[in-house]
K.L.:
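There's a structure below that I have some questions on.
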Amino acid sequence: MGLRIYNSLSRELEEFTPLKDGHVSIYSCGPTVYDYIHIGNARTALVTDIIRRYFEYRGYNVKLVQNITDVDDKIIARANANGISPSQLAHANSQAYFDDTQRLGIQPADVHPRATEHIPEMIELIQTLIQKDAAYVVDGSVYYRVNAFKEYGKLSRRKPEDLLAGARVEVDERKEDPRDFDLWKAAKPGEPYWKSPWGNGRPGWHIECSSMAMKHLGETIDIHIGGEDLLFPHHENEIAQSELATGCTFARYWVHIAFLKIDGSRMGKSEKNFIFLRDALDKHPAEVIRHFLISAHYRHPLDYASDSLHTSESAIKRLTNCLQALKKIAETADSTQNQKSSDEDKCLMAAIQTMQTRFAEAMDTDFNTAQAMGTIFSLITQVNKSLMDPTEVSIKTLKKAYNVIRETSQILGIYSMDEKNVEDTFTYLKPLLELLLEIRQDARNKKDWDTSDRIRDRLKQINIEIQDSHDGSTWKLL
RNA sequence: GGUGGCGUAGCCAAGUGGUAAGGCCAGAGUCUGCAAAACUCUCAUUCGUCGGUUCGAUUCCGACCGCCACCUCCA
């Protein structure tokens with residue numbers, strides 16, 4: 001059974017077959033950089049990251065493109081409020097975006113195109129649409145003529161009459177049809193603008209994704225990812241623009257990520273109920289936040305509660321403890337020695353194999369991270385049981401368990417001990433050593449030299465040196 | 001008004017036409033001089049309500065109740 005993806009276009013789970021054998025092209029709708037991202041935004045970025053990692057794990061050559069929207073109404077408004085230029089604001093926040101996402105363990109995309117660096121491509125695409133009679137100019141603005149695209153609504157399954165019945169469609173007299181949308185917006189005084197055949201102005205929101213996706217990935221891309229709120233109108237409009245211009249399918253699989261909720265409702269910037277990712281990262285390790293964000297399937301809403309991250313923290317601790325125990329054995333023991341063929345050993349080996357199969361099945365079924373994590377934790381229980389009496393299992397089997405758990409955890413990004421830097425280790429070590437020194441001081445006070453020396457000697461073996469002086473003991477790493 | 005989704009133990013959350021993964025919490029235990037930590041075990045005859053289809057439904061169908069989202073910028 002191959003990899004299956006739920007395609008929002010067909011509303012069905014579909015077998016994934018790439019356009020080009022062994023390659024996957026992915027376009028992900030990135031942030032509008034008028035502020036820091038919150039953990040709800042991070043969910044989409046994280047799911048994208050895991051989808052990419054899993055494709056790579058399965059041997060695909062992945063090209064991921066994620067745009068940065070660096071000019072729009074909100075950026076202009078925020079920049080004005082802060083007394084800086086829109087480009088300064090966009091620059092600072094896009095840098096913050098990279099900082100925050102990398103702290104969460106998200107690898108940068110292969111290309112991060114910016115809207116303001118693709119104005120010529122957008123103008124060209126708009127001109128094509130005008131030539132095809134799919135767009136019209138009014139007072140320096142250009143609108144897309146929705147009626148020109150027969151399949152309009154195929155993604156969101158909205159009928160024209162449904163849209164018009166909705167009370168929230170604002171009627172712009174200049175539009176031929178209320179559903180028509182901006183391709184190019186004529187500049188208002190004081191706004192940033194670019195020169196165009198229709199006068200000074202700036203691009204509409206949807207056109208940037210069409211232009212940049214096609215420029216960097218070609219006229220047809222494999223997978224287009226975004227938050228579920230983008231399905232309409234953003235993605236519907238992208239399809240309309242792109243497919244009418246090229247005559248090709250724009251994206252073959254549409255992946256939409258459900259919202260992160262907080263206290264039962266959507267976490268959103270306009271709702272002002274968000275938590276910045278960077279604030280969460282200041283309080284919790286990246287693996288903990290990742291664990292929480294992928295503890296539900298990406299198409300289901302996930303509710304953030306005050307102790308959600310504490311729950312994840314405990315779970316991650318369980319994972320880490322098991323891996324550390326295994327690592328110790330894997331690194332110190334000689335696997336050629338202990339050759340067991342006990343029932344215990346066979347049982348553990350079977351559990352490892354079962355887990356590998358189930359993990360792959362879970363991820364192959366529309367990237368079911370919640371189920372995939374379940375398989376990891378099931379194996380952990382098995383391993384811990386074996387570890388209670390390690391003489392009954394072979395080192396080889398334990399090493400296998402270590403490698404399998406580590407590898408799968410790293411696909412999900414919930415284990416990164418290998419990447420921890422010295423400073424992190426130092427932070428863990430410090431209180432531990434202080435405690436040791438305290439105990440040792442007690443022993444010394446009782447003239448328990450046996451204990452005192454043992455502590456000093458053993459620490460020396462792991463390259464930690466204790467030095468005694470009149471006013472207490474100190475330690476240092478050698 | 002239109003469209004889509006959800007309702008599974010104290011909490012979070014997978015999943016399936018054949019009788020419920022996993023995590024957290026809690027209880028019991030192992031270990032320990034005592035704690036802590038760690039580990040082990042236990043923890044839903046039941047999947048919003050009521051009907052229907054079926055040998056059998058939590059899973060399919062219908063109705064109802066409750067919640068959420070999109071239709072306006074939002075991941």
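In the text below, chain A, chain B and the rest are named by the order of the sequence lines, each starting its count at 1.
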K.L.:
Could you work out the separation of B/G7 and B/G48 based on their P atoms and round it to a whole Å?
P.N.:
8 Å
K.L.:
For a quick check of understanding: with a heavy-atom distance under 4.0 Å over all strands, which category does A/Ile37 fall into, base, sugar-phosphate or nothing?
P.N.:
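No contact at all - A/Ile37 keeps every heavy atom at 4.0 Å or more from the nucleic acid.
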K.L.:
For the pair made of CE in A/Met363 and P in B/A14, what is the distance, rounded to whole Å?
P.N.:
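The distance from CE of A/Met363 to P of B/A14 comes to 14 Å, rounded to the nearest Å.
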K.L.:
Examine A/Tyr57 together with A/Phe55 and report whether their ring centres are nearer than 6.0 Å.
P.N.:
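No - the distance between ring centres of A/Tyr57 and A/Phe55 does not fall below the 6.0 Å cut-off.
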K.L.:
Between the side chain of A/Ser156 and the main-chain N/O of A/Leu231, is any donor-acceptor distance below 3.5 Å?
P.N.:
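Checking the backbone N and O of A/Leu231 against the side chain of A/Ser156, no donor-acceptor pair under 3.5 Å is found.
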K.L.:
May I ask you to check whether A/Phe367 and A/Tyr6 place their ring centres under 6.0 Å from each other?
P.N.:
no
K.L.:
Within the 4.0 Å heavy-atom criterion, would you say A/Ala45 contacts the bases, only the backbone, or no part of the nucleic acid?
P.N.:
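Touches nothing.
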K.L.:
When we call it a touch if two heavy atoms are under 4.0 Å apart, what does A/His297 touch: a base, just sugar-phosphate, or nothing?
P.N.:
sugar-phosphate
K.L.:
With sugar-phosphate meaning primed atoms plus P, OP1 and OP2, does A/Asp73 contact a base, only sugar-phosphate, or nothing at under 4.0 Å between heavy atoms?
P.N.:
nothing
K.L.:
Can you check the distance between B/U54 and B/C61, where both ends of the measurement are the C1' atom (answer in whole Å)?
P.N.:
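These two C1' atoms come out 12 Å apart once rounded.
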K.L.:
What is the distance, to the nearest angstrom, from the CG atom on A/Asp229 to the P atom on B/C68?
P.N.:
18 Å
K.L.:
Going by side-chain hydrogen bond (donor to acceptor under 3.5 Å, both in side chains), name the residues that satisfy it together with A/Ser211, two or more places apart in sequence or in a different chain.
P.N.:
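With neighbours one apart ignored, the set is empty.
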K.L.:
Could you state the atom-to-atom distance from CG of A/Asp177 to P of B/C71 in whole Å?
P.N.:
18 Å
K.L.:
If you measure from the Lys or Arg side-chain nitrogens to the Asp or Glu carboxylate oxygens, is any gap between A/Arg174 and A/Asp139 under 4.0 Å?
P.N.:
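A salt bridge is present here (some side-chain N lies under 4.0 Å from a carboxylate O).
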K.L.:
Expressed in angstrom and rounded to an integer, what is the separation of A/Ile289 atom CD1 from B/A75 atom C1'?
P.N.:
17 Å
K.L.:
Does A/Arg103 come within less than 4.0 Å of A/Asp99, counting only side-chain N to carboxylate O?
P.N.:
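So A/Arg103 does not pair with A/Asp99 through a salt bridge.
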K.L.:
Please give the distance between the P atoms of B/G10 and B/U49 as a whole number of Å.
P.N.:
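Here B/G10 and B/U49 have their P atoms 14 Å from each other.
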K.L.:
Ignoring backbone atoms, establish whether A/Asn384 has a side-chain N or O less than 4.0 Å from OP1 or OP2 of B/A38.
P.N.:
no
K.L.:
Which whole-number value in Å describes the distance from A/Asn273 CG to B/C68 P?
P.N.:
13 Å
K.L.:
For nucleotides 32-37 of chain B, tabulate all protein N/O to nucleotide N/O atom pairs closer than 3.5 Å, reporting atom names and distance.
P.N.:
none

K.L.:
Select one nucleotide: of B/A13, B/U40, B/C68, the one nearest the side-chain heavy atoms of A/Met388.
P.N.:
B/U40
K.L.:
Quick one: label A/Ile257 by what it contacts on the DNA or RNA (base, sugar-phosphate, nothing), any heavy atom closer than 4.0 Å.
P.N.:
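Contact class for A/Ile257: none.
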K.L.:
Can you tell whether the side chains of A/Arg145 and A/Asp180 come within less than 4.0 Å, N to carboxylate O?
P.N.:
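Looking at A/Asp180 together with A/Arg145, the answer is no, because their closest N to O distance does not fall below 4.0 Å.
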K.L.:
By nearest heavy atom, map A/Pro301 and A/Cys322 onto RNA chain B; which one lands nearer the 5' end?
P.N.:
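Its nucleotide being nearer the 5' end, the pick is A/Pro301.
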K.L.:
For the base of B/C70, is there a side-chain donor-acceptor partner from A/Arg158 under 3.5 Å away?
P.N.:
yes
K.L.:
Taking only the P atom of each, what is the distance from B/U46 to B/G29 in whole angstrom?
P.N.:
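These two P atoms come out 29 Å apart once rounded.
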K.L.:
Let me know the distance between NZ of A/Lys261 and P of B/G5, rounded to the nearest Å.
P.N.:
15 Å
K.L.:
Which value, in whole Å, describes the distance between the C1' atoms of nucleotides B/U59 and B/A20?
P.N.:
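Going atom to atom, C1' in each nucleotide, I get 11 Å.
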K.L.:
Categorize A/Gly226 for me: base, sugar-phosphate, or nothing, with a 4.0 angstrom heavy-atom threshold over every strand shown.
P.N.:
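The answer is sugar-phosphate, as A/Gly226 gets under 4.0 Å only of primed atoms, P, OP1 or OP2.
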K.L.:
Kindly give the atom pairs (protein nitrogen or oxygen, nucleotide nitrogen or oxygen) under 3.5 Å for nucleotides 21-24 of chain B.
P.N.:
| unit_1 | atom_1 | unit_2 | atom_2 | d |
| --- | --- | --- | --- | --- |
| B/G23 | OP1 | A/Arg318 | NE | 3.4 |
| B/G23 | OP1 | A/Arg318 | NH2 | 3.4 |

K.L.:
Which ring pair (Phe, Tyr, Trp, His ring centres under 6.0 Å) pairs, counting each pair once, include a residue from residues 304-330 of chain A, with sequence neighbours left out?
P.N.:
A/His284-A/His310, A/Phe292-A/Tyr304
K.L.:
Cut-off 3.5 Å, side chains only: do A/Asn41 and A/Tyr36 have a donor facing an acceptor?
P.N.:
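No donor-acceptor contact under 3.5 Å links the two side chains.
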K.L.:
Thinking salt bridges, do A/Lys185 and A/Asp73 make one under a 4.0 Å N-O criterion?
P.N.:
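Yes, charged N to carboxylate O under 4.0 Å.
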K.L.:
Across the strands shown, which category fits A/Arg11 at heavy-atom distances under 4.0 angstrom: base, sugar-phosphate, nothing?
P.N.:
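Sugar-phosphate contact only - A/Arg11 comes under 4.0 Å of backbone atoms but never of a base.
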K.L.:
Would you mind reading off the distance between A/Tyr298 atom OH and B/A13 atom P, rounded to a whole angstrom?
P.N.:
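Rounded to the whole Å, the gap is 18 Å.
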K.L.:
Looking only at atom C1', what distance separates B/A44 and B/U8, rounded to whole Å?
P.N.:
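Their C1' atoms lie roughly 9 Å apart.
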K.L.:
If the threshold is 4.0 Å, N to carboxylate O, is there a salt bridge linking A/Asp222 and A/Lys63?
P.N.:
no
K.L.:
Between which residue ranges does RNA chain B form stems of three or more consecutive Watson-Crick or G-U wobble pairs, both distances under 3.5 Å?
P.N.:
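B:1-7 with B:65-71, B:10-12 with B:22-24, B:26-30 with B:38-42, B:48-52 with B:60-64 - these are the stems of 3 or more pairs that involve RNA chain B.
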K.L.:
Taking the P atom of each, how far is B/A36 from B/U30, in whole Å?
P.N.:
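Between the two P atoms, the distance is 14 Å.
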K.L.:
In whole angstrom, give the distance that lies between atom NZ of A/Lys385 and atom P of B/U30.
P.N.:
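Result: 18 Å.
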K.L.:
Check the phosphate of B/C71 against A/Arg157, side-chain N and O only, distance under 4.0 Å to OP1 or OP2. Yes or no?
P.N.:
no
K.L.:
With no hydrogens and no angle check, do the side chains of A/His297 and A/Asp366 hold a donor and an acceptor under 3.5 Å apart?
P.N.:
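Yes, A/Asp366 and A/His297 have a side-chain donor paired with an acceptor closer than 3.5 Å.
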K.L.:
A/Ile380: which residues meet the side chain to side chain contact (heavy atoms under 4.5 Å, CB included) condition with it, sequence neighbours left out?
P.N.:
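With neighbours one apart ignored, the set is A/Arg318, A/Leu319, A/Cys322, A/Ile376, A/Phe377, A/Asn384, A/Ile405.
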K.L.:
Given A/Thr397 and A/Asp345, is the side chain to side chain donor-acceptor pair (under 3.5 Å) satisfied, shown in steps?
P.N.:
CA-CA 7 Å; A/Thr397 306; A/Asp345 194 66; 2.8 Å; yes
K.L.:
Roughly how many Å apart are B/C60 and B/C55, using the C1' atom of each and rounding to a whole number?
P.N.:
16 Å
